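The structure appears below as structure tokens.
Values below: all heavy atoms of this structure, side chains included; hydrogens, waters and symmetry mates excluded. Here the structure is a predicted model, which means the values were calculated and not measured.
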Amino acid sequence: MKELKLDKEVRSRLTTQIRNYLDEELEIEVGNMDAEFLIDFLSGSLGAHFYNLGLKDAQALFSRKADDITDEIYALERKVEDRQ
């Protein structure tokens, strides 16, 4: 399976958000490097769980849509008259 990686822009934005959160909520000042280490840790320990939840959501949506299509196909069926 492909490794989950964040692009540079997203990683930078998350680094800023983590630094702001730690400073404002916990009064802890950290640098960019520490915030990036935290991103790496959280990605490694939590990322796969959230990824799998996303896959389950996508699978459930696909299943509902497939059921809708099946219902639509049945609605197209025509009555077959038995002529004997």
Side-chain angles (χ1 to χ4, degrees):
M1 183 169 80
K2 184 177 167 184
E3 183 180 348
L4 302 175
K5 286 201 162 221
L6 300 170
D7 66 35
K8 191 174 183 177
E9 182 181 317
V10 171
R11 190 173 176 86
S12 176
R13 189 172 58 245
L14 289 174
T15 299
T16 301
Q17 289 175 339
I18 286 172
R19 290 183 68 204
N20 290 340
Y21 176 81
L22 291 174
D23 185 40
E24 294 169 7
E25 299 296 325
L26 303 176
E27 297 180 3
I28 299 172
E29 290 187 27
V30 297
N32 283 340
M33 194 170 239
D34 288 334
E36 288 188 17
F37 286 147
L38 184 56
I39 289 171
D40 291 339
F41 170 75
L42 294 174
S43 296
S45 60
L46 300 176
H49 295 287
F50 287 107
Y51 180 83
N52 290 341
L53 287 173
L55 289 178
K56 286 181 184 178
D57 287 346
Q59 185 178 25
L61 174 65
F62 183 82
S63 179
R64 285 194 310 271
K65 295 298 181 183
D67 288 344
D68 290 346
I69 291 170
T70 299
D71 291 344
E72 292 293 326
I73 290 171
Y74 283 129
L76 293 173
E77 286 185 354
R78 297 184 179 177
K79 184 176 181 181
V80 176
E81 294 182 25
D82 186 19
R83 297 183 184 210
Q84 290 183 355

Margin query: By the salt bridge (Lys or Arg N to Asp or Glu O under 4.0 Å) test, which pairs, at least two apart or in different chains, include something from residues 31-55?
Written below: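 Passing the test, one end in residues 31-55: R11-E36, R11-D40.
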Checklist line | Value rounded to 0.5 Å, distance of CG in L38 from CG in L42 | finding: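 Going from the CG atom of L38 to the CG atom of L42 covers 4.5 Å.
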Next item on the list: Any chance you could measure L6, atom CG, to L14, atom CG, to the nearest 0.5 Å?
Entry: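 Interatomic distance, L6 CG to L14 CG, rounded to 0.5 Å: 6.0 Å.
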Margin query: Restricting to salt bridge (charged side-chain N to carboxylate O under 4.0 Å, His left out), what partner residues turn up for E27, sequence neighbours left out?
Written below: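 Expected list: none.
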Next item on the list: With sequence neighbours excluded, tell me which residues meet side chain to side chain donor-acceptor pair (under 3.5 Å) with N32.
Entry: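 For N32 the side chain to side chain donor-acceptor pair (under 3.5 Å) partners, ignoring immediate neighbours, are R19.
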Note to self: Would you say L46 ends up clustered with L53 if hydrophobic residues are merged whenever their side chains have heavy atoms under 4.5 Å apart, either directly or through other cluster members?
What the structure shows: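 Yes, same cluster.
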Note to self: Test of understanding: clusters of I, L, V, M, F, W, Y form through side-chain heavy atoms closer than 4.5 Å, transitively. Do F41 and Y51 belong to the same one?
What the structure shows: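 They do not share one cluster, since no chain of ILVMFWY contacts under 4.5 Å joins F41 to Y51.
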Checklist line | Set of residues satisfying side chain to side chain contact (heavy atoms under 4.5 Å, CB included) with respect to I28, sequence neighbours excluded | finding: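 By the side chain to side chain contact (heavy atoms under 4.5 Å, CB included) rule, I28 matches L22, L26, V30.
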Could you pull out every donor-acceptor pair under 3.5 Å between side chains of residues 60-78 and any protein atom, sequence neighbours left out?
from, atom 1, to, atom 2, distance (Å)
T70, OG1, A66, O, 3.0

Notebook entry, point to check: Do S12 side-chain atoms and K8 backbone N/O form a donor-acceptor pair below 3.5 Å?
Noted result: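 Here the side-chain-to-backbone pair does not exist.
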Next item on the list: May I ask you to list the residues sharing a hydrophobic cluster with M33, side-chain cutoff 4.5 Å, ordered by chain and number?
Entry: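 Same cluster as M33: F37.
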